[in-house]
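Take a look at the structure below.
Every value quoted in this text rests on a predicted model; they were computed, and no experiment measured them.
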Amino acid sequence: MIVSWMTTNDCNLACEHCYQDASDAEDRELSTSEARKMIDEIARAGFKVMIFSGGEPLLRDDIFDLVAHAAAAGLRPVFGTNGTLITDEVALRLKSCGAAAMGISVDSLDAEKHDRFRKLERAHELTMAGIESCKRAGLPFQLHTTVVDWNRDEICALTDFAQDIGAIAHYVFFLIPVGRGRYIEETSLKVRENEELLRDIMRKQAEVSIDVKPTCAPQFTRVARQLEVPTRFTRGCLAGLTYCVIGSQGIVRPCAYMTEEAGDVRTQSFDDIWHTSALFERLRTKAYQGACGSCDYGDVCGGCRARAAYYHDGDILAQDDYCLHGKTLGDKNVA
């Protein structure tokens with residue numbers, strides 16, 4: 001089971017697609033003592049992997065202490081970071097305190113395009129330097145790419161690049177229009193384009209030795225089966241089933257792209273929220289509606305619950321309109 005903690009809303013970038021709308025630290029972000037207590041509750045709930053994300057998690061002054069605490073609690077600490085703040089010293093400290101892997105964002109092989117998307121001059125250069133620091137420290141890393149219309153044709157080349165530079169995986173994030181992402185919704189792939197890219201990604205998976213995982217596109221599990229491409233990932237959408245997120249102020253949600261709240265770790269222990277939240281209980285019924293409810297791949301896919309909620313007025317069990325296979329889609333979503 002995996003939990004992602006948005007450690008802070010503070011960030012040194014202003015990325016166009018940021019689902020957190022991260023910029024500055026928010027009032028009442030969890031303190032060090034509150035975070036330690038929450039980590040203990042996460043371990044008690046049976047979670048195995050804890051993602052330190054943000055904002056930019058490396059901007060928290062106590063990040064090394066909290067990673068060490070998570071490792072001591074029996075969790076596997078990993079990161080979601082833009083990579084620009086990783087120096088040799090930072091990479092060595094992360095490794096020594098128990099960080100297991102770094103997820104580092106690279107959105108284009110073209111530095112200028114990456115920098116424009118990330119809203120920071122030299123962002124690509126700094127990120128690549130951070131990757132080299134991880135390599136020197138012996139700290140495993142994987143690449144994260146958010147796919148939009150302008151980098152769609154680079155995705156498989158980025159997978160090859162990830163393997164060539166020693167990454168352990170390449171995770172491809174399909175845009176969901178929340179946070180600042182809602183301002184660039186027109187750049188997201190349409191249904192037929194989603195399907196074509198998923199097929200390209202799964203064919204690429206058959207060619208490389210690293211894991212390639214589409215995220216927020218759970219239909220990849222169906223596509224993998226249809227193409228008979230082996231993948232270690234057996235379930236598409238994990239929201240509320242084996243995964244959830246905790247915001248910087250302690251609000252628990254099923255995933256980073258869902259606004260629905262399951263509880264607050266300041267007023268209720270995380271393990272209690274995980275086991276008793278009505279929101280999680282509803283997701284766990286898997287009583288999906290529309291195409292998702294009748295789909296023959298429902299057990300391995302489940303549809304994207306964030307997209308279902310976003311496009312169906314908060315209905316977390318509605319059909320995922322962004323699926324070509326089982327669609328009873330409105331014309332507005334098909335292209």
Taking it one step at a time, do T242 and I2 satisfy side chain to side chain contact (heavy atoms under 4.5 Å, CB included)? CA-CA 6 Å; T242 58; I2 304 170; over 6 Å; no

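- Annotation: side chain of L175 is not in contact with side chain of V147 (no heavy-atom distance under 4.5 Å).
- E260 and R282 are not joined by a salt bridge, as no carboxylate oxygen comes within less than 4.0 angstrom of a charged side-chain nitrogen.
- A salt bridge links R232 with D211: the distance from a Lys NZ or Arg NE/NH1/NH2 to an Asp or Glu carboxylate oxygen falls below 4.0 Å.
- Side-chain polar atoms of S133 and D88 form a donor-acceptor pair below 3.5 angstrom.
- For the pair I86/I131, no side-chain contact is recorded, criterion being any heavy-atom separation below 4.5 Å from C-beta on.
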Show, in sequence, the C-alpha distance, side-chain angles and deciding distance for D160 and K204, and conclude whether the salt bridge (charged side-chain N to carboxylate O under 4.0 Å, His left out) test is met. CA-CA 9 Å; D160 289 330; K204 177 56 66 176; 3.0 Å; yes

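- Residues I246 and R253 form no side-chain contact, since every pair of their non-hydrogen atoms from C-beta on lies 4.5 Å or further apart.
- Within the structure, side chain to side chain donor-acceptor pair (under 3.5 Å) contacts touching residues 294-306 (residues at least two apart or in different chains) are D296-H325.
- Expressed to the nearest 0.5 Å, how far CZ of R118 lies from CG of L126 amounts to 13.0 Å.
- Contact annotation: the side chain of L158 approaches that of H170 to within less than 4.5 Å [non-hydrogen atoms, C-beta and beyond].
- Here the two rings, on F141 and F79, have centers that are 6.0 Å apart or farther.
- Between D115 and R122 there is no salt bridge, since no side-chain N of the basic residue sits under 4.0 Å from a carboxylate O of the acidic one.
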Side chain to side chain contact (heavy atoms under 4.5 Å, CB included), that's the test. Do Y322 and F174 meet it? Break it down for me. CA-CA 11 Å; Y322 275 69; F174 284 65; over 6 Å; no

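- Electrostatic pairing of E34 and K37 does not count as a salt bridge here, judged by no charged N lying under 4.0 Å from a carboxylate O.
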Does the pair L94 and L139 meet the rule for a side chain to side chain contact (heavy atoms under 4.5 Å, CB included), with working shown? CA-CA 8 Å; L94 286 166; L139 181 59; 4.1 Å; yes

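- Using modelled atom types, one finds a donor on one side chain and an acceptor on the other under 3.5 Å when comparing N82 with N12.
- In this structure, R36 is not positioned above the aromatic face of W5 in the sense of NZ or CZ being under 6.0 Å from the six-membered ring centre and within 45° of the axis.
- Side-chain contact, S209 with Q163: a donor N or O sits under 3.5 Å from an acceptor N or O.
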Take R199 and E196 through the salt bridge (charged side-chain N to carboxylate O under 4.0 Å, His left out) test and state the conclusion after the steps. CA-CA 5 Å; R199 296 179 75 83; E196 291 169 355; over 6 Å; no

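- Using modelled atom types and a 3.5 Å distance limit, the side chains of D107 and H144 yield no donor-acceptor pair.
- Between H275 and D272 the shortest side-chain heavy-atom distance does not fall below 4.5 Å.
- Heavy atoms of other residues, nucleotides or ligands lying less than 6.0 angstrom from CG of D61 number 12 at most.
- Residues L75 and K48 fail the side-chain proximity criterion, which asks for heavy atoms closer than 4.5 Å.
- Contact check for T7 versus S248: no side-chain heavy atoms found under the 4.5 Å cut-off.
- Relative orientation of the H124 and H114 rings is perpendicular, given thresholds of 30° and 60° on the angle between their planes.
- Counting only N and O atoms by type, the side chains of E154 and S108 include a donor and acceptor under 3.5 Å apart.
- Contact check on R307 versus D320 returns no salt bridge, with no Lys/Arg side-chain nitrogen under 4.0 Å from an Asp/Glu carboxylate oxygen.
- Using a 3.5 Å distance cut-off with no hydrogens or angles, the side chains of E56 and T81 do pair a donor with an acceptor.
- Counting heavy-atom neighbours within 6.0 Å of R136 CZ, excluding the residue itself, gives a total above 12.
- Taking the six-membered ring where tryptophan is involved, the planes of Y171 and F173 are tilted, since the angle between them lies from 30° to 60°.
- More than 12 heavy atoms of other residues, nucleotides or ligands shown are found within 6.0 angstrom of CD on E207.
- Counting heavy atoms from C-beta outward, V245 and M6 have side chains that approach closer than 4.5 Å.
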Evaluation steps, salt bridge (charged side-chain N to carboxylate O under 4.0 Å, His left out), between D264 and R266: CA-CA 5 Å; D264 182 344; R266 278 195 167 107; 5.6 Å; no

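- Annotation for C134 and I104: closest pair SG-CD1, 4.1 Å, computed over non-hydrogen atoms.
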Decide yes or no on side chain to side chain contact (heavy atoms under 4.5 Å, CB included) for I155 and D200, but give the supporting numbers first. CA-CA 9 Å; I155 300 304; D200 288 347; over 6 Å; no

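- A centroid separation of less than 6.0 Å is found between the aromatic rings of F270 and F47.
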